[in-house]
Visitor: 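Sharing a structure here in structure tokens format.
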Protein chains: 2
Amino acid sequence: MTGTRSYHHGDLRRALLAAAAEVIEESGPAALSLRDLARRAGVSHAAPAHHFGDKAGLLTALAVEGFDLLAEALHGADGGLLEAGVAYVDFAVRHRAHFEVMFRPDLYRREAPEVVAARERSGGALHAAVADLPPGHGTSGDARGDALAAWSIVHGFATLWNAGALPADVGDDPQAAARAVIHRLFGPR
Amino acid sequence: MTGTRSYHHGDLRRALLAAAAEVIEESGPAALSLRDLARRAGVSHAAPAHHFGDKAGLLTALAVEGFDLLAEALHGADGGLLEAGVAYVDFAVRHRAHFEVMFRPDLYRREAPEVVAARERSGGALHAAVADLPPGHGTSGDARGDALAAWSIVHGFATLWNAGALPADVGDDPQAAARAVIHRLFGPR
DNA sequence: ATCCTATCTTTCCATTGACAAGATGGCGCC
DNA sequence: GGCGCCATCTTGTCAATGGAAAGATAGGAT
């Protein structure tokens, strides 16, 4: 109901989450202001409280959305662990705001049941990808250790990329660069 | 001058940085308040502005301190790339506040000359460790790619550890766990 | 002894997050 | 069709914060 300018917004919750992601993407979570979000949505400064309670509540909802999007992305990646890793990086780059919040537990209520459930969904997707990996690709037989190493390398690469910490010679294609990095861990030899 | 309660604090700058690190370690950068730091140091709420200008200035100083500590830690690690990686993780865990700020460019002035210089010092230390690695340890001959993969895996592991995102079965010794992870990348075969 | 400058204080303002109480209007129910 | 319920949104308010401006203090240089 994008056209109506009535008393009721119609889709405030979604609008606020989208605006929050946009702000965080541009200026980081520190610059996030509930009142600014309300202004962008064209509602009063107290409207967000009804949907999220407080700031942490809004970020909790963002984190849940993020973990679900991540699980979806990982499940959708065909091609074993390597492509799952690329999908992880791709998710982090394309949904930078969600990704940033998800791994910043001081910003939201990480113990909230919806968060725990969503986090388990994405964790399950990661482990499924590790289990799919055929032997002879640098795996050690210790699936748990493999998963931890894989998670570490893609998470680290994605974080450094998003932080702008990587030197310019890495290029401007995160997927390609990620593929090369992951290849060093699990690529066929 | 810890005893004197004079008009001049004597070591305000250092006291504020230490207090900031403590607060961030406990509650994250979002909870940082200049006024709270001033209260902890026993000075007026405007005193910090003289030393750091504003909040971003304080965090810039913290980041510089962090990059220098990291460079020092990496240089001090003997034992090639593996031990340098362990030192990286150890730094991130022991100086969690510095580490967190360093890679959150929206919190401080990442282009400030002191920051650029300090960052280059730690980057140089990392590359030196990669260059030290003897062949036959999974290196590909592409030192740049090796460095990126090594940096990614230790950075990812450290970040996930600090975020409390890792499952409990990883244990409680970050150095040991990190060693196992890095071993999968560059360990002798 | 005097000035000078870095350091710190006091005062003030706009913005923010959070809360309380009230207004609005869609929806089910009769 | 009319009525009342309740989710949704608004207005008003408060303490805390970051930041700026202007003044006080002290320790050292000349």
Side-chain angles (χ1 to χ4, degrees), chain A residues 1-24 26-63 101 104-109 112, chain B residues 1-24 26-63 101 104 106-109 112 114:
Chain A
M1 318 322 152
T2 56
T4 65
R5 273 279 152 254
S6 64
Y7 191 92
H8 286 70
H9 181 282
D11 211 3
L12 221 208
R13 191 189 148 93
R14 189 176 296 267
L16 289 172
L17 285 175
E22 200 177 328
V23 170
I24 293 174
E26 285 171 4
S27 322
L32 192 68
S33 149
L34 288 182
R35 287 169 114 99
D36 178 47
L37 295 185
R39 276 189 293 266
R40 288 171 184 242
V43 296
S44 88
H45 64 86
H50 177 71
H51 291 277
F52 301 106
D54 56 7
K55 201 175 189 175
L58 186 144
L59 292 174
T60 300
L62 245 193
V101 172
R104 208 153 299 178
D106 55 301
L107 292 181
Y108 67 98
R109 285 184 265 279
Chain B
M1 312 292 160
T2 55
T4 63
R5 273 281 151 250
S6 65
Y7 191 92
H8 286 69
H9 181 284
D11 210 3
L12 221 209
R13 192 189 147 92
R14 188 176 298 266
L16 289 174
L17 284 175
E22 199 177 329
V23 169
I24 293 174
E26 285 171 4
S27 323
L32 192 67
S33 150
L34 288 182
R35 288 169 115 99
D36 178 46
L37 294 186
R39 276 190 292 267
R40 289 172 183 240
V43 296
S44 87
H45 66 85
H50 178 71
H51 292 275
F52 302 106
D54 56 6
K55 201 173 187 174
L58 185 144
L59 292 175
T60 300
L62 245 192
V101 172
R104 209 154 297 180
D106 56 300
L107 292 181
Y108 67 99
R109 285 185 265 278
E114 333 102 64

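The sequence lines fix the lettering, A, B, ..., with proteins before strands; numbering per chain opens at 1.
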Visitor: Any chance you could measure Leu34(B), atom CG, to Lys55(B), atom NZ, to the nearest 0.5 Å?
Guide: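 Here the rounded value is 6.0 Å.
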Visitor: Measure the CG-CG distance between Asp54(A) and Leu59(A) for me, rounded to the nearest 0.5 Å.
Guide: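 Reported to 0.5 Å precision, the distance equals 9.0 Å.
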Visitor: Take the protein atom NE2 of His50(A) and the nucleotide atom P of dG22(C), then report the distance between them rounded to whole Å.
Guide: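 Atom NE2 in His50(A) sits about 18 Å away from atom P in dG22(C).
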Visitor: Got Tyr108(A) and Leu62(A) here, is their nearest side-chain heavy-atom distance under 4.5 Å?
Guide: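 No, every pair of side-chain atoms sits at 4.5 Å or beyond.
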Visitor: In whole angstrom, what separates Leu32(A)'s CG from dA18(C)'s P?
Guide: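 Distance, rounded to whole Å: 11 Å.
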Visitor: Give Leu58(B) one of three labels, base, sugar-phosphate or nothing, depending on what nucleic acid heavy atoms sit under 4.0 Å from its own.
Guide: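 If one applies the 4.0 Å heavy-atom cut-off, Leu58(B) turns out to touch nothing in the nucleic acid.
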Visitor: Using a 4.0 Å heavy-atom cut-off across all strands, classify His45(B) as base, sugar-phosphate, or nothing.
Guide: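 Base, at least one base heavy atom under 4.0 Å.
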Visitor: Taking the nucleotide of DNA chain C with the nearest heavy atom to each, does Ala46(B) or Ala49(A) sit closer to the 5' end?
Guide: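 Result: Ala46(B).
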Visitor: Looking across every strand, which nucleic acid part, if any, lies under 4.0 Å from Arg13(B) by heavy atom: base, sugar-phosphate, or nothing?
Guide: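 The answer is nothing, as Arg13(B) stays clear of every strand by at least 4.0 Å.
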Visitor: Looking at Ser33(B), I'd like to know whether one of its side-chain N or O atoms comes within less than 4.0 Å of OP1 or OP2 on dA16(D).
Guide: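 The answer is no; no side-chain N or O of Ser33(B) sits under 4.0 Å from OP1 or OP2.
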Visitor: Would you say the side chain of His51(A) lies within less than 4.5 Å of the side chain of Leu17(A), judging by non-hydrogen atoms?
Guide: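 When only atoms from C-beta onward are counted, His51(A) and Leu17(A) do not touch, as no gap falls below 4.5 Å.
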Visitor: Name the closest nucleotide to the Ser44(B) side chain, picking from dT16(C), dT11(D), dT10(C).
Guide: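 Among dT16(C), dT11(D), dT10(C), the one nearest the side chain of Ser44(B) is dT10(C).
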Visitor: Would you mind classifying the nucleic acid contact of Ala47(A) as base, sugar-phosphate or nothing, using non-hydrogen atoms under 4.0 angstrom?
Guide: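 Answer is base: heavy atoms of Ala47(A) come under 4.0 Å of a base.
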Visitor: Asp36(B) CG to dG19(D) P: how many Å, rounded?
Guide: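 In whole Å, dG19(D) P and Asp36(B) CG are 15 Å from each other.
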Visitor: Using the side-chain heavy atoms of Lys55(A), tell me which of these nucleotides is nearest: dT17(D), dA18(C), dT7(C).
Guide: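 Nearest to the side chain of Lys55(A) among the choices is dA18(C).
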Visitor: Rounded to whole angstrom units, what separation is found between the CG atom of Asp54(B) and the P atom of dA20(D)?
Guide: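 Interatomic distance, CG of Asp54(B) to P of dA20(D): 7 Å.
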Visitor: If I take atom CG from residue Leu32(B) and atom CD from residue Glu22(B), how far apart are they, to the nearest 0.5 angstrom?
Guide: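 Output value for this atom pair is 11.5 Å.
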Visitor: Quickly work out the Leu34(A) CG to dC19(C) P distance and round it to whole Å.
Guide: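 So the CG-P distance, Leu34(A) to dC19(C), works out to 11 Å.
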Visitor: What integer distance in Å separates Leu16(B):CG from dG18(D):C1'?
Guide: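 Whole-Å distance recorded here is 15 Å.
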Visitor: Rounded to whole angstroms, how far apart are CG on Leu12(A) and P on dC9(D)?
Guide: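 Going from CG in Leu12(A) over to P in dC9(D) covers 4 Å.
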Visitor: Arg35(B) CZ to dT17(D) C1': how many Å, rounded?
Guide: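 Value for this atom pair: 6 Å.
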Visitor: For dA7(D), take OP1 and OP2 only and decide whether either is under 4.0 Å from a side-chain N or O of His51(A).
Guide: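 Checking dA7(D) against His51(A), no side-chain N or O comes under 4.0 Å of OP1 or OP2.
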